[in-house]
Every structure is written in structure tokens, then in C-alpha cells.
Amino acid sequence: MNYNFNEIEAKWQKYWADNQTFKASNTSEKPKYYVLDMFPYPSGAGLHVGHPLGYIASDIYARYKRHKGFNVLHPQGYDSFGLPAEQYAIQTGQHPAVTTENNIKRYREQLDKIGFSFDWSREVRTSNPEYYKWTQWIFIQLFESWYDHEQDKSRAISELEEIFSSEGNKKVKAACDDDVEDFTAEAWNAFSSEEKQKNLLKYRLTYLAETEVNWCPQLGTVLANDEIVNGVSERGGYPVVRKKMTQWSMRISAFAERLLQDLNKLDWTESLKESQRNWIGKSVGAMVEFPILSFPEGEEKAKSEKAPPSGAGGIRVFTTRPDTIFGVTFMTLAPEHELVKKIMTPEQKEEVEAYIAASAKRSERERMADVKSITGVFTGAYAEHPFTKEPVPIWIGDYVLAGYGTGAVMAVPCGDQRDYDFAKHFDLPIINIFENADISEEAFSGKEGTVIANSDFLSGLKYKEALQKAILELEKLGLGYGKTNYRLRDAVFSRQRYWGEPFPVYYVNGMPQMIAKEHLPLKLPEVEKYLPTETGEPPLGNSVDWAWDTKNNEVVANSETDHETIFPLELNTMPGWAGSSWYLFRYMDPHNEEVFVSKEAQQYWENVDLYIGGSEHATGHLLYSRFWTKFLKDRGYLSVEEPFKKLINQGMILGESAFAFKVTDIFIKCDEIGLSHPFKLEVPVCISDDYIEENSKEDFVLKELLISNIEDKKIINILSEVSLSVIEVKYIETFPARIDVNYIDSHNNLKLNEFKESQFYKSFFGKASFYSLDETFKVSREVEKMSKSKYNVVNPDDICENYGADTLRMYEMFLGPLEQAKPWNTAGITGVHNFLKKLWKLYHSTPSPSEGGENSFSVSDEPASKDSLKTLHKTIKKVAEDIENFSFNTSVSTFMICVNELSAQNCNQREVLEPLTVLIAPYAPHIAEEFWSKLGNSGSVVTAEYPVYEEKFLVESTKNYPISFNGKMRFTMELPLDMSKEEIEKTVLEDERSKSYLSEAPPKKVIVVPGKIVNIVV
RNA sequence: GCUCGAGUGGCGGAAUUGGUAGACGCGCUGGAUUCAAAAUCCAGUUUCUUCGGAAGUGCGGGUUCGAUUCCCGCCUCGAGUACCA
């Protein structure tokens, strides 16, 4: 009987499902282990071979841990709210819930074929009301909480109210909005309940704030930053305007320091931690206030002496280098800075306003892209230096960003390159305040070891001392204080979309009210269309039933809002990261209707031991999830501070795109080509750089080759460095070159007949008439991201069908290190497939050709040979080590070596093959189950114990020593391992081969490392 | 620009408390089997070579008996981030 993988795999997949083999229990004597994959968004395109890579790795690890005696939680689910389903709904009118359901079905079928050991009884879907009920509940908890910086934790808002009513808000060190005003206990108690609510909102961990969104009037929708290209919408190219909207925000910035510090506790890659550190962007420095010296006529005179740091009488700046304060020669404000219009002098008014208008026109992106050109305008106003009391000119310049710090900087040209460039450009003074620093060419940015000079009381001090001293002196003057700044902004939590979690919020007189827990979930309403309303409100505004009746606690028609118990509901929905920020905990207790996770379940499973997923979530999902975990921990709902202990980012599997082309020689005569005169060849062709041949007689370089798509025609632009030359362009592809990889065979030939039958051919070439397919075509390949639009997608279903899931699993691992990006090449899969066939043969007898007939299962109970046991134990050792190190590619190699050796030894003994079955089970579970049952075991191989490595089988008595001369290995010698250094040296030197390398002279030195190497220096 | 990572055969890759560079697989070449093909099996496959050998892990130095591995300086590619004061 041959290796019939289709039959075997279907059989065991059914067995696992029927027997609930992978169902995890929340109570067990065994130690727990939680392995989690980042759950997928079920897209309409289905899975390609790149998607399961991480799932296979985590599945191998989960199965391995089960063999090692752990109670393993290995669940899977769907991040099923999201944009694509909504966009599809806008186009087709199909309800996102329907398309999502269909997509999930397809995903499940595909996943099941690969043989994962998921506990599907714990499946979660973020778009499921039973699930998002708890997402809404967490939102309410955030609303009911504030952040106490004193205790460094989130606390109940009721505790804050108590503090306010007993001592006011002066002593409270809370994370809050910038505009809170001080009030006493008496004042608080005198507040109306509405005033109280207004003030509390400024402290809540989720709060309403005016924030800007990208609004596209033509599309009638809000766009994300990456949907905007050069200031216009990516789709359609319509203008986008910044529009202020009241939106929910999350006070994640309150957690900045903890999110930063706790990174040190995590077993994540350094690069990932680094990008979170950068994202949090901590900088330690000082807030300094420069009093304004002169307002223009008619305005109030500057209050230079007594202006408090928070007052409006000065310009507040944040600096990380207060030690360089004596180097300040000017100040720069962002053009948007609110003080600009107040302080500019009448003489400068025109110029300043023109500059503001000009920079407002430039998009953020433009401003950032254009780093080189230096622009700015003098406002005419001056500030007073806190120490020297000298006037400091105030400029505006768009190198200062309104969104960071205070939107203003104290310019120290000797110490900051941007200030330096600005000063040089506008001929502003530069004072050198560093000892022994040359600032004639560029700014000096050294810190450690720098000695400050020319700086009054800071002169002679080192960087660190000067820093402290400067802050101290500023504090004395009341013009500054030490301050730590974070780049991390509060996260906008509202989306003007349909397919997301509705907020459990209704509004009474404009103040938000939470719907009580017992009335959750607040389900998404039906709408007729998924676009914003004509008045520009979010899609939920299209619903006729979207108001809350506080009397019956139910959703009612919004036409009835004039009734005194009926109030409008929030129209926004939550962002994609809401549901994914806490899903790991729901898997622990997925069907609990009372709490989002029971204390017992959470305390048993704690948090995720191993998390595998893509690195694209480095600063989104992974940061938000840490934030919510910390919050829920603070409020006593969780016992852990972090969601994911260990994290591995799997690398992307790339596709090998195929380009088919017909070879035609075309000569283009270019008489006048200059850089300013791109040559245009207006024929529908494609060309790639590789196929350009230069005319060697002319000394020219092909500078650049541009291909642009204009009205479905490919236009070649050739830019040459010299103006007079003849370019010979060969090998022009005479039709759009991208070909679906599935029509290319392993020898890079176009499968012409199949290709002509394909939908791909018909849609692309059906109407074209300028080429003939019957001629010879060439195929070139290029490695790119795997994507439907590049026609390089390989479907795992096809691989399972043709080679089996076990082959797919092992091949994906064999491709290369898990964390590395690597190209997929279906041609290479035969190596792994042949290995499994060889493995199959080990367990089956091979009848001699004369006998004929089928192979049959034949494993002997005789004792195995010494060599076979050695091979087995070598393999146990290496494979176990490799799994622990997530080096799955090398463990597949090890299996291959093992099977090659056992085949050569004609090994068919149970003593070896039974442990081998368990060893390979995590990688190729179906074939392992088949062997396991044929070996006479009942039940699944999953329950088998992992084989134990025994040193004794590997003990050697001799070593094949490499003998090197000057470090170069020349030959080897088999010598006993217990031979002494001296004996080894003597034996080696006496060898004939050594003598030929030594010529006449004796060796200068002989290094003998017993058990390793002999090196002779000549 | 900054941060992180990586450069090894035709290709994917292996080897790091410094100790036989190229494991394993693909591809390729030759052979066996076959009417033939597929499948399978065997042998070879870093480069150069006067067939004795010699060189070789992006480049240039250094440390060492010995460097893919450690140190210094560069180059290239990839990922992330971007005027962060």
C-alpha cells in the first residue's frame, strides 16, 4: 500500500473533530501553556500559502508542548469587523454580516485541510454580539475610570468624585485634558450635576474631544492617513479637507511610562521593542517659558516679570537640552501656533500672514518630504531670555511642528542642526557655548563629556550637571520646570463607519451616558445604505431605529427623540483594534455570559506564553492590547500586567511573479534626448530594465526608465544622460507581461493550452490583436509580495490536494528561518514530499520485483541496531533543541538526515520507529497518526509522551580529527578520544601526509584541542 | 537622516561560548530502470587548476595557532520611522 495522503489526512481530520482531540480543559493537574496566533481578518480572497506559516509554527509548538506534558490552550478565531466587508457592502448592498459569514466558512475549510490542532470550541468572532457585548463593557469600564499618577494606576471615577468633593482637584495628580481648571471642594460641591459631568469627562480614560479627521466631501467619507496620496484621495483623486469632529479618545498617554518600562520584562525581539520605544518616544528635558517683550500697538504690554509657566504671557517651549539655554539666539514657532497672530508687529503682518497661508496649503506630507528648503518669517516680536534678559527675536518656520511639544522651540543654533541651518539661512547670530567644539561647518550635538562654556553660571559644568543646574535655576525664577515628554498621543477611538462595534452610549443634553451592563449588547442596527448620510453623519445615521429609551432600556426609532425618556445614540463605531485588544482573554472562557472572563479561568491561563504573528502590528494592536491589559489589571479584572510573554514575528512568504514576453527586437533612434525631453514610445508594450541593451559604440548611460500606464497603454519613457545617442532596445514584451504563476510550469515554460483556456487569458488578452500566442514566449520571474493583484498567489488547497497537508506543513517550515522573509517556490516541494514517501517506506515492506504485489505495514519487534538507535537519539536531541529555539527549518533537515540514515540501515524496528512517530507528529500529524494506530496503539498520537534522549547511544570512542596547517584543514585522522595531547601530536606529526606539508623544517607550534582539532603552524 | 536586521554555490538555506565552510533540499549533469515518459534509484555538482593543488562566506584592515563567527572602518540590500526640539 502506498502513501495515500488524501485518504489518510481526511480520515484523521475527521477523527480529531469527532473526538474533540484538541479540546482544552480549564482544570488540569498539568502545567498550562497558552499558544496563540494573531487571529485573521477573514478576507474574501481566502488564504494563500503565506497565511498559514505562523499557524503551522505555533501548531508544531503547541503539539510539542502537549507531548511534553502540558495542558495546552491553542485557540483560533476571527477579527471579523473591518473595512473590506464594509466597502464590499457599499458596492453591492450585501450585508457585511453575510459576506463575513461566507468568508469565515471558506477560511475554516481551508484551515481544516492543513490539520491544525485548534480548540474550535473556543472560537471567537469580534463581530459577534455575544463577543462585542464585552468590548462595549470594557469601553464602559474605561469611561468609569481615571488615571492616578500618584499611585500609577487606573482607579474608579467614583473615587475621584469623592476626592473632588472633599478636597477639590488641586492635589490630584491625574492624567487629564490640558484645559482643566482648578476648583476647590466647595466649588465642586456647588457645581450642577452637568458641570460635574463636564469636568469628570476631562479625567475619564475614554473621553470626548474635538479631533481632526480627513474628510473627503466628494466621496462622502472619512479617510485614513494612508488612503490619502499627495493631499487627495487615493481612490478618485478628490480633495481632502481636515475637519474637526467630536470623537471618543483613549487616554493611552497616561500609560506611556508603564508601557515603556514593562517592555524590559517581555521576551520580544529587540527590534519590536525598539519600535514601541520609538513610538512612545520618551524625552526628558524641561519646559521653559520665554516672556514676550513686546506686543504690537494697542495690545497689552508683556508681563515679563511675573508670568507663571502656564500663563499666557510667554512662549512655552519644551527642550531636551536646557543646558544649552545660553546658546539661544532666536525662537521659532510653528506657523499654526496660536500666539503668532497676537504677537506679530504691524510691519511684519503681511509677510507673516502670507507665510501662514502658504504653509497651510502644503499638506503635511509635502512639508515632511521637503526637508531641504528652509523657510520662515520674522514676526517682529521679541521674547526675553530668562537669564540674560536679552531680547530674543521670534520667528515662525514650518520646520517646527504644531503637533509636537508646545509647537515652539528655543533655537540653539550651535547645538541643533535644524536651528543651525535656519540661522545660517536667515543670517541670525550663532553663539558657541561648548568648550572645544568646532561649529564653523555644522552644529555640535555631543552630550556626554561635553563641557558648557560662555554660559554664566553653567560655564565649566559638564552636560549632566549643567542640565540639572539649568532646571533648578529656571524653577527658582518660576520660568520652567523639569518635564518628561512623550510622543505617544491619545488614541482616537471613533470611526465614521458601519461595520464595527457600536458605542454603548446615548446623549442627554449633549452629555454622554452609558447603557447599563445588563442591557448589553447594543446591537448594530440595520441600515439601508452603508455610506454616510447626506448631512455627513456616519452610516449609523441612516438607521431609523437608533435611539435609546431609558424607560424600557431598548433601542427605538429615532423619530421619537422628542419624548422625554428617548435619547439619540452615538453614531460612530469603534475601530478595528477594539475587539482585538482583549480577545486573548475571551478564549480562556469564551461562553461565559456573566463576565468577559472568569477569575478562575484567567488565573489558570494567566496570559499568552507564545504569540505568533506579523510585525505589522508592532505599534498598533500590540500597544493597544498592552494598554487594555494594564487597565483591566488596575481595575482588578485581570491578574496579569502584560498580554503576551513571548512574541515571534513570522516573516512574509513572498510570491514569485511570472512575466511572459515575446522577444522582438526594436531599435529606437533617439537623436535628441535630454533629461528634460523624455522620449516617448507610444505603443502598448512592457519593458523591464534587464532587457535593455546599450549601444556600446556610444558612451552613454541609460539613466532611468519609466513605464507609465496612460489609458491602458504602456508608455515607455527613456531618459538618457547625453543628448545625442542611439539606443537599441531589445526584447520588448509585446503584451502586458504579468502572468498568473499557476500557468507556468516548473521549468518556467508557459502552459500555453491551459493558459489559453483560463479566465485570466480571456480577460487580459481576449481582445488584443497585436501579438500571437503561437510564437515562442519567454518567462522571467521576480520575487514580490504575494497578492491577488500580482497573480502570484499560490493556494494551500492546491498543495494539500497534490502533495498533502503534511507536505505543506513541513515545506513551509523547511523554506527557511521562521522570522525571515522568503520566496515561495512550488517546484521545491518535491524534496519534502519525497521525504515523506521515504518515511512511509520505512514502516512498510518492499516486495521484491519478482513477487510484485503491494507494500504492507511491517514493523518488527526485534531489537534495533546500535547504529539505528544512535540515529534516533541524535535526532531526538537535535529536533527537541530546534523546537525550543523555533528553528523549524533545521529540524526538518534533521528528519531528512534521520530517514536517509535509517533507510540505509534497513531499519524497521519498533524500538526506533515508534519514538520517531512521536517525534515527527507535531510536524506531520496525519501520517504520524496513521503509523501510531498501525503500530497497535489506541487513541491519538497526541497523548504519547515525547521520547527521551539518552546520551549513552551517542558515546563515541574515536574522533575523526581534522588536521590543519596554519588553520587550513588538509586531511583527517581517526584517533581514539582518550588519547593524550602528547600522543596525538606525536601520531599526527609522524603521519606521511603531515611530512609533505612540513617540508624539512620542524613545525613552529602544534595546537591540539582534544576532541576537536589539531592545528600545526609552519 | 535615524533605528533595527541581513549580505555564504545557479536557488532556498546550514554551521557562531572562534575549531573540518557549503548540512538538508531544489535545480542542473551523467548513469540505471523503461518501447517511451512519469515515478524511483545511483553518482557528481563553490570557483580556478598545469590535476600536484590553490583560492574562497559583501569590501578593506585588525586580534588569534585558527575568524562566516570577535573588533574597527566602509559598501549594498531589506524593514520600520521620520524636521520629536
Side-chain angles (χ1 to χ4, degrees), chain A residues 2 269-275 277-279 281-283 285 288 317-321 324 331-332 334 367-372 374 397-401 403-412 415-419 421-422 485-487 615-616 618-619 649 651-652 656 746-748 781 783 810-811 814-817 819-835 837-838 841 846 849 887 889-900 960-972 996 1003-1009 1011-1018:
Chain A
N2 290 322
T269 58
E270 207 39 53
S271 71
L272 207 129
K273 290 195 208 176
E274 197 58 33
S275 47
R277 283 189 197 112
N278 289 339
W279 194 259
K282 179 179 183 176
S283 38
V288 186
V317 298
F318 174 75
T319 176
T320 54
R321 298 292 302 271
T324 64
M331 308 196 66
T332 316
R367 259 171 76 170
M368 287 192 290
D370 184 16
V371 184
K372 276 173 200 154
I374 296 161
D398 67 5
Y399 79 96
V400 177
L401 303 177
Y404 184 77
T406 61
V409 299
M410 57 175 227
V412 183
D416 183 284
Q417 193 57 42
R418 290 157 304 170
D419 296 342
D421 294 340
F422 196 84
N485 217 29
Y486 297 91
R487 198 186 82 112
S615 57
E616 67 273 19
T619 47
N649 293 127
M652 210 190 308
E656 274 202 316
S746 57
H747 296 274
N748 271 350
R781 315 212 76 163
V783 173
M810 292 197 93
Y811 186 54
F814 186 63
L815 281 176
E819 304 192 48
Q820 190 177 305
K822 56 235 165 218
W824 175 270
N825 175 13
T826 305
I829 205 167
T830 53
V832 171
H833 191 60
N834 283 342
F835 155 76
K837 285 201 224 166
K838 269 193 203 167
K841 279 189 191 164
T846 321
S887 176
N889 54 327
T890 51
S891 50
V892 176
S893 303
T894 307
F895 281 124
M896 289 173 169
I897 294 167
C898 171
V899 167
N900 287 345
N960 195 20
Y961 277 94
I963 312 300
S964 41
F965 290 80
N966 292 338
K968 273 267 166 217
M969 203 282 287
R970 296 305 177 189
F971 59 91
T972 59
S996 68
K1004 280 186 191 146
K1005 201 172 178 185
V1006 179
I1007 289 105
V1008 178
V1009 185
K1012 285 227 162 144
I1013 200 174
V1014 177
N1015 189 23
I1016 298 158
V1017 188
V1018 290

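Reminder, nothing fancy here: chain letters follow the sequence lines and each chain counts from 1. Just so we're clear, the structure is a prediction, and the values are computed from it rather than from any experiment.
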**Request:** Take A/Ile1007 and A/Val1017 through the side-chain contact (heavy atoms from CB on, under 4.5 Å) test and state the conclusion after the steps.
**Result:** CA-CA 8 Å; A/Ile1007 289 105; A/Val1017 188; 4.2 Å; yes

**Residues A/Asn900, A/Lys838; criterion side chain to side chain donor-acceptor pair (under 3.5 Å); working and verdict** = CA-CA 8 Å; A/Asn900 287 345; A/Lys838 269 193 203 167; 2.8 Å; yes

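Summarising the base pairing, B/rG12 is matched to B/rC24 through a Watson-Crick or G-U wobble pair whose two defining distances lie under 3.5 Å. Pair assignment for B/rA36 gives none, since no Watson-Crick or G-U wobble pairing has each distance under 3.5 Å. Across the strands present, B/rC65 finds its partner in B/rG19; the criterion is a Watson-Crick or G-U wobble pair with both atom distances under 3.5 angstrom. Under the Watson-Crick and G-U wobble criteria, each requiring two contacts below 3.5 Å, nucleotide B/rC74 is paired to B/rG58. Across all strands shown, B/rA79 is found opposite B/rU3 as a Watson-Crick or G-U wobble partner, with both distances under 3.5 Å. Base-pair partner of B/rC41: B/rG31 (Watson-Crick or G-U wobble, both distances under 3.5 Å). In this structure, B/rG52 makes no Watson-Crick or G-U wobble pair, since no nucleotide meets both defining distances under 3.5 angstrom.
Within the 4.0 Å cut-off from OP1 or OP2 of B/rC84, at least one side-chain nitrogen or oxygen of A/Arg418 is found. Within the 4.0 Å cut-off from OP1 or OP2 of B/rG5, not a single side-chain nitrogen or oxygen of A/Gln820 is found. Here A/Asn834 reaches the OP1 or OP2 of B/rU40: one of its side-chain N or O atoms lies under 4.0 Å away. Distances shown here put a side-chain N or O of A/Ser283 below 4.0 Å from the OP1 or OP2 atom of B/rA85. In this model, the phosphate group of B/rG12 is not approached by any side-chain N or O of A/Lys822 to a distance below 4.0 Å at OP1 or OP2.
Between the side chain of A/Asn1015 and the backbone N or O of A/Gly967 there is at least one donor-acceptor pair closer than 3.5 Å. In this structure, the side chain of A/Lys822 engages the main chain of A/Pro817 through a donor-acceptor pair within 3.5 Å. A donor-acceptor contact shorter than 3.5 Å links the side chain of A/Ser964 to the backbone of A/Val1014. Side-chain atoms of A/Tyr486 do not come within 3.5 Å of backbone N or O of A/Ser283 as any donor-acceptor pair.
Each of A/Met969 and A/Pro817 was matched to the nucleotide of RNA chain B holding its nearest heavy atom; the match closer to the 5' end belongs to A/Pro817. For A/Lys968 and A/Met410, each mapped to the nucleotide of RNA chain B holding its nearest heavy atom, the one lying further toward the 5' end belongs to A/Lys968.
Backbone-only contact: A/Leu815 has heavy atoms under 4.0 Å from sugar-phosphate atoms and none from a base. A/Ser964 comes within 4.0 angstrom of no nucleic acid atom, judged by non-hydrogen atoms across all strands.
Out of B/rC83, B/rA14, B/rA23, the shortest distance to the side chain of A/Ser893 is found at B/rA23. Distances from the side chain of A/Asn900 to the nucleotides B/rC4, B/rG19, B/rG25 place B/rG25 closest. Taking the side chain of A/Thr830 as heavy atoms from C-beta on, and the options B/rG12, B/rG27, B/rU3, the nearest nucleotide is B/rG27. Proximity note for A/Asn889 (side chain, C-beta onward) versus B/rC24, B/rG13, B/rA85: the nearest is B/rG13. Residue A/Val1009 places its side chain closer to B/rG19 than to any other of B/rU20, B/rG12, B/rG19. Nearest nucleotide to the side chain of A/Lys841, out of B/rC26, B/rA82, B/rU40: B/rU40. Checked against B/rA82, B/rA54, B/rC26, the side chain of A/Arg970 finds its nearest nucleotide in B/rA54. For A/Ser271, taking side-chain heavy atoms from C-beta onward, the closest of the listed nucleotides B/rC24, B/rC83, B/rC4 is B/rC4. When distances are taken from the side chain of A/Lys838 to each of B/rC4, B/rC26, B/rC41, the shortest belongs to B/rC41. Checking B/rG66, B/rG12, B/rC84 against every side-chain atom of A/Asn1015, the shortest atom distance belongs to B/rG66.
An anti orientation is assigned to B/rG73, its glycosidic angle lying beyond 90° of 0. With its glycosidic angle more than 90° from 0, B/rG27 adopts the anti conformation.
If you take atom C1' in B/rC65 and the same atom in B/rG60, they sit 24 Å apart, rounded to whole Å. Of the P atoms belonging to B/rA67 and B/rU57, the separation is 11 Å, rounded to the nearest Å. Across B/rG18 and B/rG12, the matching P atoms stand 28 Å from one another, rounded to whole Å. Comparing B/rC24 with B/rC42, their P atoms are spaced 13 Å from each other, to the whole Å. The gap from the P atom of B/rG56 to that of B/rG5 amounts to 29 Å, rounded to the nearest Å. The separation of B/rU46 from B/rU29, taken at their C1' atoms, amounts to 16 Å, rounded to a whole angstrom. Taking atom C1' on both nucleotides, B/rA21 is separated from B/rU47 by 14 Å, rounded to a whole Å. The separation of B/rA14 from B/rA32, taken at their C1' atoms, amounts to 31 Å, rounded to a whole angstrom.
When the P atom of B/rC24 is taken as reference, atom CE of A/Met896 falls 10 Å away, rounded to whole Å. Atom pair A/Asn966:CG and B/rC65:P shows a separation of 12 Å (rounding to whole Å applied). In this structure, the NZ atom of A/Lys837 is 8 Å from the P atom of B/rA39, given to the nearest Å. Protein atom CG of A/Asp416 is 13 Å distant from nucleotide atom P of B/rC83, rounded to whole Å. The CD1-C1' distance, from A/Ile829 to B/rG27, rounds to 16 Å in whole Å. In this structure, the CD atom of A/Glu270 is 16 Å from the C1' atom of B/rA79, given to the nearest Å. As a whole-Å value, the separation of A/Asn2 CG from B/rU40 P is 12 Å. Residue A/Ile897 contributes atom CD1, which lies 10 Å from atom P of B/rA23 at whole-angstrom precision.
Between A/Ala618 and A/Leu272, the closest heavy-atom pair is CB-CG, 4.1 Å. What you find for A/Arg321 and A/Met410 is that their closest heavy atoms are O-CE, 3.8 Å.
For B/rG18, its base never sits under 3.5 Å from the side chain of A/Lys1012 at any donor and acceptor pair.
Rounding to the nearest 0.5 Å places OH of A/Tyr399 at 9.5 Å from CD1 of A/Ile374.
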